[in-house]
Each structure stands twice: as C-alpha cells, then as structure tokens.
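Please read all numbers here as calculations on a predicted model, not as lab measurements. Throughout, a chain's letter reflects where its sequence line sits, starting with A, and its residues are numbered from 1. The analysis underlying the following values was restricted to heavy atoms, covering all of them including side chains, and did not include hydrogens, waters or symmetry mates.
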Amino acid sequence: MTKTFYVTTPIYYVNAEPHIGHAYTTINADFLARWHRLDGYDTFFLTGTDEHGEKIAQAAARAGKAPQQFVDEVSAKFKNAWEILHISYDDFIRTTEPRHKKVVQRYLQEIYDRGDIYYGEYEGLYCVGCERFLTEKELVDGKCPDHGVEPERRHEGNYFFKMEKYRAWLRDHINKNPDFIRPERYRNEVLSILSEPIGDLSISRPKSRVSWGIELPWDPDHVTYVWFDALLNYISALGYPDGERYKKYWPAAQHMIGKDILKTHAVFWPTMLKAGEVEVYKHLNVGGHLLAEGRKMSKSLGNVIDPFEWSEKYGPDAVRYYLLKETPYGLDGVVSEEGLIERYNADLANDLGNLLQRVRTMVLKYSGGVLRRREPGETESAVVREAAALPGRIRGHVQALKFNQALEAVLAFVRSLNRYINERAPWKIQDPEDRERVLYTAVEGLRLASVLLEPAMPVKMAELRTTLGFETLTVADVEGWGGTPDGHRIPADAAILFPKIEQARTSGDAGKLKAEPEATAPVAYEDFAKLDLRVAEVKSVEKHPNADRLLVIKLDVGGEERTVVGGLAEHYRPEELVGRRVVLLANLKPRKLRGVVSHGMLLAAEGADGTLALLEPGREVEPGSKIS
RNA sequence: GGCGGUGUAGCUCAGCUGGUUAGAGCACACGACUCAUAAUCGUGGAGUCGGCGGUUCAAGUCCGCCCACCGCCA
C-alpha cells in the first residue's frame, strides 16, 4: 500500500493581493508536497482562496464591482502568483464554489442536529460607520477610533458553536500528541490558551447586515461567518464525506499556516472537527514571519519585500531556495535582497553551478561526452558513503520541518564533490579508466543532488538533469549508487545554469556611506499638511502598569483630554513632565500599547547617545495651538 | 504581570537524550590548483557559548535567579 500525504496552505482571504507572507507559507508547503511526491508518497496539495464576508463585500463595493466579479479577479491573481512561483498544487478551492458551499451547509446541519449549535442574543456596541460590533478594548475614550463616534448599544441574534464543550478534549489530545502542533513553542501557546475557558464561538451573522456568505440551512436569515466557512475547505476540497480523495488523504492531513492564524487552526478547527465526528488532522505546522532588516515589514516603513519582483529578477527557484535555506521554519526569518544575492552566488553559482559546469566540460573534453561506469576506488568510496547517507538525512530534516538544514546538507555534499574533484584532479590523470572513474563519480553525485534539491528548485534541477542527459527522477532512483548507466551520453551544449549575479559593486567607502543615516526623500507640502501637530500641556503622568519603559501621559490639548503612551520612562521622571507644554502629533491613529490605548505621539529629538529630549515651544503658547 | 521563544566567532546560523582541544557558511588574510561562472580547494585568526550561582567526575547542553529582544495571554 502506498503511503499518502496531504498538505494544505491556508486559503487566502481575497481582501488583499498576494504578498510575501502568502508566498512564504505556500513555498514551504510546496516544498513539503514536492519532497513527498519524490519520496514515493501519494501526495495531495491543496491551496485556495477565502472569499466570503463583510470585508470582501465592502472591498468589492469600493472597487465598484459585484462581489462575485471582485473575488473572481482577486482569486485569479493568487492563481497567477502561484504559477509564477511554480507552486505544484493539486487543487485550488474557492469558498464561493458550489462544492464548498454544499459541504459547509451539510456540516453545519449535522452539528446543529447534534445540538452543538444554539441561538443566542448578543448585545454589544455597534458602530454604524464600521458596520460592526466593537469590543470595549477597541474604543478610545468611549468612541470608535476610526469614526470618532460613540457606538450604539444593539442586540443581535447569532448562532453559537459550543466550542467550550470540547476544550478539555482538545487539551487532552494535544497533551497526548506532542507533534500535533509544531514547533513546540506554538503548542505551548495553544495549551496556555486552553488552560482557561475559551467560550463558545459565534458562527453567524444576520443576513440583513452581512449578505455575502453561505446561508445557514435551517435559518436562511443568517449566513455563516468567516472561520466556520473557511476552515471547512480542507475537507470540502477532498469531497467530504464520501469522496475517494477524502477517504484517502484526510487521514494524512497536515496544515501549514503562519503564526498569525494559530488560534483558529489550533483551537477552532479541531473542535469543529470533533463536533462533526471527523478525525482530527495529524499535524499543524506553524511558520514564523519574514522580517526585513530584522523588523516587521510594513507599508509605512517602506520595507515591504515583493517576492514576485524578486522572482522576475532572479528567477522563482532562486527565491524559493533563498527563503527555504535562510529561514529556520517556525521562527521569524530575516531576509533581504542582498542576502538573496549572496546566497545565490555562493551556493548556486559558485558551488553547484560551477561544479556542474566543470564536470560537464571535462566529460565532453576528455571522454567525448560519454560516461563509463567504473567501480569506485578508495577515494570514491568516501563519496559513495556520503551519498548513500544523504537521502535519509534529508528525510529526517524534512520530517522535522528543518528545511534550511535539509538544503544545507545537500550543499555540504556539493562542496565535498568539489573537494573530491580537486583531490583527484582529473586533468592530471593519465590513465583514461581512472579519469572516467572520477567523472562518473562526479556526475552520479550531481544526479543525486539534483533530486534532493528539486523540492526547492523544481525548474533549475530539471534543467540540470537535462544538461547531464537525465530524465525525471525520484528519490528511489538515486538512493543506490551507480544508477547512471554505462555509456551514458551528456549533451554537448548547455547554458550556464546559475549565471552569477553581478552586484552593483560598492567600494569600501560606498559601503560605509550606507551605514550613515539615509537622506530623507523630499515630501510634498500636502503630505506634511496631513499632520495635525498641536501644543499640548501635560496634566498627569503615570508609569505604565505593564511596561518598564513606557509612561502613560494625560494631556490637555486646548480643552480636549488625550492619553498618550510614550517610551520616555528612561529619559524623564513622571513628576518632571507635569505642566510642560510639548508637541503632539494629534491625528496619529490610536493604538494599544501593552494594554493602554495611546492616541497620538509626542515629538522628541534623539541625541547621539540615544537620550530623548521632548520638543517644547520656545515661548508661551496656549495648549491646543496648531503647529505648522 | 503570567506563559513561551530567542541570545553561540565581524555577519548568518548548526550543535540530538550533558562527555575528548565548541562547529559550518559568508567575509578577511595567505597559499595551492587551472577542468570550471575571476571559480574551486587548503591554511589561519579570533568566541568569558547573554550574566551570576548551583547540580555533576564532566554543562552552550540540566536547575535557579537576573538582563536584552520578540511573541501569546491578561
């Protein structure tokens, strides 16, 4: 019986276009899928798009499009993105497809019939502008932070899923199955969530308010909400409950997600499965985020990395390889274009590409392109032993989700092939038979590497094999030494596999300049005018209850009271601030800092040693005065 | 505040259940070689393995406390 493997990415919400976060998770999943296929597993790889909900309806309206048209377009962009990156998905599920809706309704009905869904009144603070309920925490001074309006108290009828009922079971399951959620750090996080009541889950919205969704089968006035719809894609795509695919693949299910949606996949989803009496998935694999220059990527910082742009410049395989090799799965990884180029040049151009090139040249030059199979000698047997051990090591690393180490192991082998060639120096060998032995060994090694690197670089490794006259291969084809037949011919011409990327070579001085503060790009006056800068008087200051560095500062801004949280604790004592008139950026979007809402920020200058100095007007000015 | 993660050569990282003089890649210096994409190969230097204390014949590796950064929760 063949082994089966089922891996999924999240289905991506179509309110945003494909970005590096989507790409990273998907590349990781694709690597797993391709590896398992090569390693003889009957593999199914699913991705797709999540297309219902209020936000989508709003985004469609803003774009002046019907929801269906809008989601069709964005969904197509995801498909296109995956084509660019050579993602080998077997199916692409969309939550607006009939096959999905059918399963969602059926599943809801089953759980409803079992009594795990009940109707409840929900009372909350509703913001008309946002068209949604806000939590107390979101409010700033009792008002909606986005609309500045006090929300009204409203009742709404929702259906709830009895999630809390399954909490004990889930804790138990996670405790009994240490590799259910991995890496371990996320498992611990989930256990800590489950150590306290998780409550029941609201799973519907009245149709009067949100219409873009799947109707509850027993109450057409409501649609199901977000996660209950989305999560079921993992089984709807397989044809739950009777589909062949479902029976075959679901028992081997592994989900790949980013850490931002841990709770939904580690808590909501298993309890939903349990309630539906469906066997829970095998593994939830949680990936970290990618950081640029060690920081979060954000539009405002302008450090957002576009993998599709990289792909255009350096090729999809280079991007895939770089992301997989340079980031430890499960932790946040630091990536940059310089890093990509460095990795590419060192590993792919110098080590692997050049190895291929030198071997090819020698086979053509010394043996007329024909390989003779010669038995390994003493030096060769060391290479053979290393080669024999390699697939097993890779298998182990992949199973442990250490993709970076899997790739490093293959590269170490590539380096040892380079070393081997230098040692044997075929260009010096007089005996033709011995020379053939060396060349055969090198080609055989490259053939092995091409298979083991294929999950990361499907296109380039296929090219590499073509260059050496090989067809498609699997891990089984390279596990034993000597698979290349005697008399094998390699084609005479081939392009360089990994042309070196020439860096805009920076001289020593230019390198230094980079470390200097960057010249700020000029801004238009209109941009400056968007800032509402005001003079504010400090009324009171307290230490932040949950952070040593932060102060909670209450300000008078011309009659209006404001609370601002600032990282000033190391620079000012609370009492020395009271009464000062300082400069406030008043229209900064409110933000919660360690539990306290901060609305605005105080301007300060930073000295060379890092000390901060608050800006103050040079002469008496009333609080609230505008600064321009 | 609670829980968890991370902290190892200039940089990026490996170090499993504790065991000989702590490793790799990049970068740097020198050397070898010339089949090769100015490539490859060798040699070299540097690290109080975040800090302090403890357990042990023996600790990056276990325990406690502390520091820095990050995440989750409250």
Side-chain angles (χ1 to χ4, degrees), chain A residues 137 181 183-198 258-263 266-267 286-289 291 293-296 322 325-336 338-367 393 396-397 400 402 404-429 435 438-439 442 446 494-503 505 508 511 515 543-549 570 592 594-596:
Chain A
K137 289 183 217 160
I181 298 166
E184 197 180 359
R185 52 189 314 223
Y186 298 109
R187 176 174 180 264
N188 292 334
E189 242 173 76
V190 174
L191 283 172
S192 109
I193 292 173
L194 294 175
S195 67
E196 289 173 49
I198 51 178
K259 62 181 182 181
D260 49 315
I261 49 174
L262 177 63
K263 191 173 173 182
V267 179
V286 188
H289 288 162
L291 310 175
E293 298 146 11
R295 309 167 70 180
K296 270 187 192 174
Y322 173 61
K325 173 109 191 281
E326 203 78 342
T327 65
Y329 185 77
L331 299 174
D332 289 351
V334 180
V335 291
S336 67
E338 295 77 53
L340 166 67
I341 293 172
E342 212 174 279
R343 197 80 273 137
Y344 175 100
N345 281 342
D347 290 2
L348 302 181
N350 292 351
D351 286 349
L352 178 59
N354 182 57
L355 171 66
L356 172 69
Q357 185 63 14
R358 66 199 296 215
V359 169
R360 270 181 44 79
T361 309
M362 285 190 282
V363 174
L364 292 166
K365 187 163 164 183
Y366 298 133
S367 317
R393 290 184 58 199
H397 282 136
K402 305 206 166 182
N404 57 338
Q405 292 184 53
L407 294 175
E408 173 54 27
V410 186
L411 256 290
F413 176 64
V414 166
R415 276 181 230 115
S416 79
L417 285 176
N418 273 320
R419 201 175 310 129
Y420 162 73
I421 290 173
N422 282 28
E423 259 173 50
R424 297 286 268 122
W427 51 93
K428 281 185 180 163
I429 296 176
R435 197 163 51 205
V438 177
L439 297 179
L446 272 165
I496 296 289
L497 188 62
F498 295 108
K500 201 154 178 176
I501 300 168
E502 296 302 335
Q503 293 223 52
R505 190 70 191 147
K543 292 198 157 181
H544 192 293
N546 301 326
D548 298 335
R549 290 180 161 183
E570 289 169 347
K592 224 161 86 168
R594 295 244 173 190
V596 177

* Asked: What integer number of Å spans the P atoms of B:C63 and B:C26?
  -> 35 Å
* To do: If the glycosidic angle is within 90 degrees of 0 it's syn, otherwise anti, so just tell me which one B:G50 is.
  => anti
* Asked: Taking for each residue the nucleotide of RNA chain B bearing the nearest heavy atom, is the 5' side occupied by A:Ile496 or by A:Lys259?
  -> A:Ile496
* Asked: A:Tyr366 near the nucleic acid: base, sugar-phosphate alone, or nothing, with a heavy-atom cut-off under 4.0 Å?
  -> sugar-phosphate
* **Protein-nucleotide distance (A:Lys263, atom NZ; B:G4, atom P), rounded to Å** => 19 Å
* Asked: Roughly how far apart, to the nearest Å, are B:C65 and B:A27 at atom C1'?
  -> 38 Å
* Taking the P atom of each, how far is B:G45 from B:G10, in whole Å? -> 15 Å
* Asked: Quick one: the side chain of A:Asn422 and the base of B:U40, do they pair up donor-acceptor inside 3.5 Å?
  -> yes
* Compare side-chain N and O positions of A:Gln405 against OP1 and OP2 of B:G15 and report whether any pair is under 4.0 Å apart. => yes
* Asked: Can you tell me how far P in B:G2 sits from the matching atom in B:A46, rounded to whole Å?
  -> 42 Å
* Structure fact -> Taking B:G15, B:G71, B:C26 as options, the one with an atom nearest any side-chain atom of A:Glu342 is B:C26
* To do: Determine the Euclidean distance between corresponding P atoms of B:C52 and B:A59; express it in Å to zero decimal places.
  => 15 Å
* Asked: Which part of the nucleic acid, if any, lies within contact of A:Pro328, taking any heavy atom under 4.0 Å across all strands shown: a base, the sugar-phosphate backbone alone, or nothing?
  -> sugar-phosphate
* To do: Taking atom C1' in both B:U37 and B:G51, compute the distance separating them and give it to the nearest angstrom.
  => 48 Å
* **Gap between atom CD1 of A:Ile421 and atom CZ of A:Arg358 - 0.5 Å precision** => 5.0 Å
* Verify the contact: side-chain N or O of A:Arg415 to OP1 or OP2 of B:C41, cut-off strictly under 4.0 Å; return yes or no. => no
* Residue closer to the 5' end of RNA chain B, A:Pro499 versus A:Ser416 (nearest nucleotide) -> A:Pro499
* **Side-chain (A:Tyr322) to main-chain (A:Ser336) donor-acceptor, under 3.5 angstrom** => yes
* For atom P, what is the distance between B:G42 and B:G25, given to the nearest Å? -> 8 Å
* For RNA chain B, the dot-bracket pattern of Watson-Crick and G-U pairs whose distances stay under 3.5 Å, | for other-strand partners -> (((((((..((((.....[...)))).(((((.......))))).....(((((..]....)))))))))))).
* A:Glu408/A:Arg415 ion pair, N-O < 4.0 Å -> yes
* Asked: Between B:A68 and B:U8, how far is it from one C1' atom to the other, in whole Å?
  -> 16 Å
* Is A:Lys402 near enough to B:G15 that one of its side-chain N or O atoms lies under 4.0 angstrom from OP1 or OP2? -> yes
* **Nearest-neighbour nucleotide for the A:Asn188 side chain, B:G4, B:G25, B:U37 considered** => B:G4
